[in-house]
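One structure is given below, encoded as structure tokens.
Computation of the quantities below employed the complete heavy-atom set of this structure, encompassing side-chain atoms and omitting hydrogens, waters and symmetry-equivalent molecules. Whatever order the structure lists ligands and atoms in, that order sets their numbers, starting from 1. Remember, it's a predicted structure, so these values are computed and weren't measured experimentally. Positions are given from 1 along the sequence.
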Amino acid sequence: MSFEIWENARLATLQAGQDANYGLIDDGALVIEGEYLAWVGPRTDMPAQYRHGAAIHDARNALITPGLVDCHTHLVYGGHRANEFELRLNGASYEDIARAGGGIKSTVEATRLATEAQLYKSAKKRLNHLLNEGVTTLEIKSGYGLSLADEAKCLRVARQLAKDNLVQIQNTFLGAHAVPPEFQDKSDAYIDAVVAMIEPLKAEGLIDAVDAFCDRIGFTYAQTEKVFKEAQRLNLPVKLHAEQLTNSRGASLASQYGALSCDHLEWLNEEGAAAMARAGTVAVLLPGAFYFIRETKLPPIELLRQHKVPMAISTDSNPGSSPCTSLLLMLNMACTFMRLTPQEALAGVTRIAAQALGLKDRGVLSANQCADFVLWDVSHPAELAYAFGSNPCLSTVWGGQIRATTSNTHIF
Ligand code: NIG
Ligand code: FE
């Protein structure tokens with residue numbers, strides 16, 4: 001097989017241990033062989049063998065980063081909740097609305113009524129926005145169906161989106177997201193039903209991981225553990241919506257099950273952070289939800305740093321707490337609200353986000369990684385976190401294939 005070379009670029013490789021300068025290579029080159037990178041480094045060091053018969057692409061001084069990874073989304077759902085946004089601006093809180101039967105439950109109703117084709121159509125619109133910003137891998141959670149048939153319907157839509165687009169999608173089963181109306185006041189019975197859904201969904205090839213919402217408007221520690229036990233029995237990795245509204249000791253629990261990630265974490269304490277560090281669990285920060293529900297308590301970033309818990313950033317794209325499809329905006333908000341450095345933030349949407357999905361073959365630019373990368377109309381990676389509301393993504397390569405070349409430009 002012949003090689004393809006990309007040169008005339010500045011590379012931000014994001015290789016581990018080189019975060020202090022983003023792994024920058026000023027005059028860099030990438031060599032692609034099939035779906036993978038065969039070589040990455042300074043252009044002048046490139047072994048001559050690669051040039052032989054290679055197709056050459058001129059990156060025209062673009063900055064090249066690894067493809068972006070959005071490791072926490074709820075992209076497939078029916079309807080939207082702009083009406084609840086209005087209610088909140090008239091005095092109701094996110095929790096008030098959830099307790100009054102709105103919130104997740106109203107999206108469940110709309111999702112159950114929607115056909116697979118309708119769900120596909122709306123999710124595709126949201127996916128397009130992510131792709132246009134250089135996302136090459138994302139996670140999609142279920143959790144708005146809450147019955148075997150409706151969860152399967154949403155997960156099939158996610159699989160179909162992956163088939164039809166040049167993108168990798170990881171499916172996560174989030175049956176334990178809320179109690180559906182037919183189980184009202186019977187949350188234990190619902191958890192038994194969730195546990196029973198995992199095996200058939202896995203058998204249909206629809207899930208790659210299992211998640212739950214452990215909180216005072218979600219499920220208890222004991223209920224969450226039941227779900228994790230079944231996931232473990234079936235060799236499925238787990239993750240958790242943990243300590244978003246309260247500290248429910250979810251991070252400690254998830255760590256005991258070797259969770260890939262704990263997400264949200266505004267109320268995380270030292271015990272939870274230490275447990276995550278021991279288990280190698282990633283902290284997924286969701287500045288969109290933090291912003292949109294006007295949370296005032298910040299996730300304990302300094303504690304996470306002290307315990308060396310890796311931090312990822314994601315959109316949490318969903319109709320209730322984060323109707324957002326811009327991972328670049330999250331990069332900026334992680335810096336402004338949560339005080340991450342731009343280099344922590346960029347690692348958080350590339351290398352660490354891949355780690356949060358258990359994927360070892362992407363998220364950095366180096367040999368043997370997937371040939372997933374983005375060309376940006378910026379000269380330094382800090383600009384990606386600095387500017388907000390614009391999109392400097394010029395072109396994206398996924399699995400060695402050029403996915404799109406856009407007319408986007410930077411603002412400077
Ligand atoms: O990640 N925390 C729970 N789930 C979602 C919100 C879902 C919704 O409000 O529809 C989240 O924030
Ligand atoms: Fe979420």
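Centred on the Fe ion (ligand 2), the NE2 atom of His72 and the NE2 atom of His241 lie at an angle of 90°, reported to 10°.
One finds no salt bridge joining Lys153 and Glu151 here, because no Lys/Arg side-chain nitrogen approaches an Asp/Glu carboxylate oxygen to under 4.0 Å. We find that Glu199 and Lys202 are not joined by a salt bridge, their nearest charged nitrogen and carboxylate oxygen being 4.0 Å or further apart. Ion pairing between a basic and an acidic side chain is recognised when a charged N comes within 4.0 Å of a carboxylate O; Arg112 and Glu182 show such pairing.
With Thr137 as the partner, the side chain to side chain donor-acceptor pair (under 3.5 Å) test is satisfied by one option alone out of Gln170, Gln168, Arg362: Arg362.
With a 4.5 Å cut-off on side-chain heavy atoms, Gln244 and Asp263 do not count as touching. No side-chain heavy atom of Val284 sits under 4.5 Å from any side-chain heavy atom of Met311. You'll find the side chain of Ile5 stays beyond 4.5 Å of the side chain of Trp39, heavy atoms only. Lys229 has its side chain within reach of Glu225: a pair of non-hydrogen atoms, C-beta onward, lies under 4.5 Å apart.
Those atoms of ligand 1 with a heavy atom of Gln244 less than 4.0 angstrom away are 2 (N), 3 (C), 12 (O). Counting atoms of ligand 1 from 1 in the listed order, those under 4.0 Å from a heavy atom of Gly320 are 8 (C), 9 (O), 10 (O). Ligand 1 places these atoms under 4.0 Å from at least one heavy atom of Ile104: 7 (C), 8 (C), 9 (O), 10 (O). Ligand 1 places these atoms under 4.0 Å from at least one heavy atom of His72: 1 (O). Numbered from 1 in the order shown, with element, the atoms of ligand 1 that lie under 4.0 Å from a heavy atom of Tyr144 read 7 (C), 8 (C), 10 (O).
For the residue pair Thr172 and Asp211, no side-chain donor N or O sits within less than 3.5 Å of a side-chain acceptor on the partner.
Considering Phe290, Tyr94, Phe213 only, the shortest heavy-atom separation from atom 6 (C) of ligand 1 involves Tyr94.
Minimum-distance N/O/S atom of Asp316 relative to the Fe ion (ligand 2): OD1.
The closest protein non-hydrogen atom to atom 4 (N) of ligand 1 is His177 NE2, 2.8 Å. Scanning the protein heavy atoms around atom 12 (O) of ligand 1, the nearest turns out to be Ser321 OG, 2.5 Å.
Not one N/O/S atom of Asp263, from backbone or side chain, sits under 2.8 Å from the Fe ion (ligand 2). Residue side and main chain included, His74 places an N/O/S atom under 2.8 Å of the Fe ion (ligand 2).
For the pair Tyr77 and ligand 1, no heavy-atom separation below 4.0 Å is found. Residue contact check for ligand 1: Asp316 places a non-hydrogen atom closer than 4.0 Å to it.
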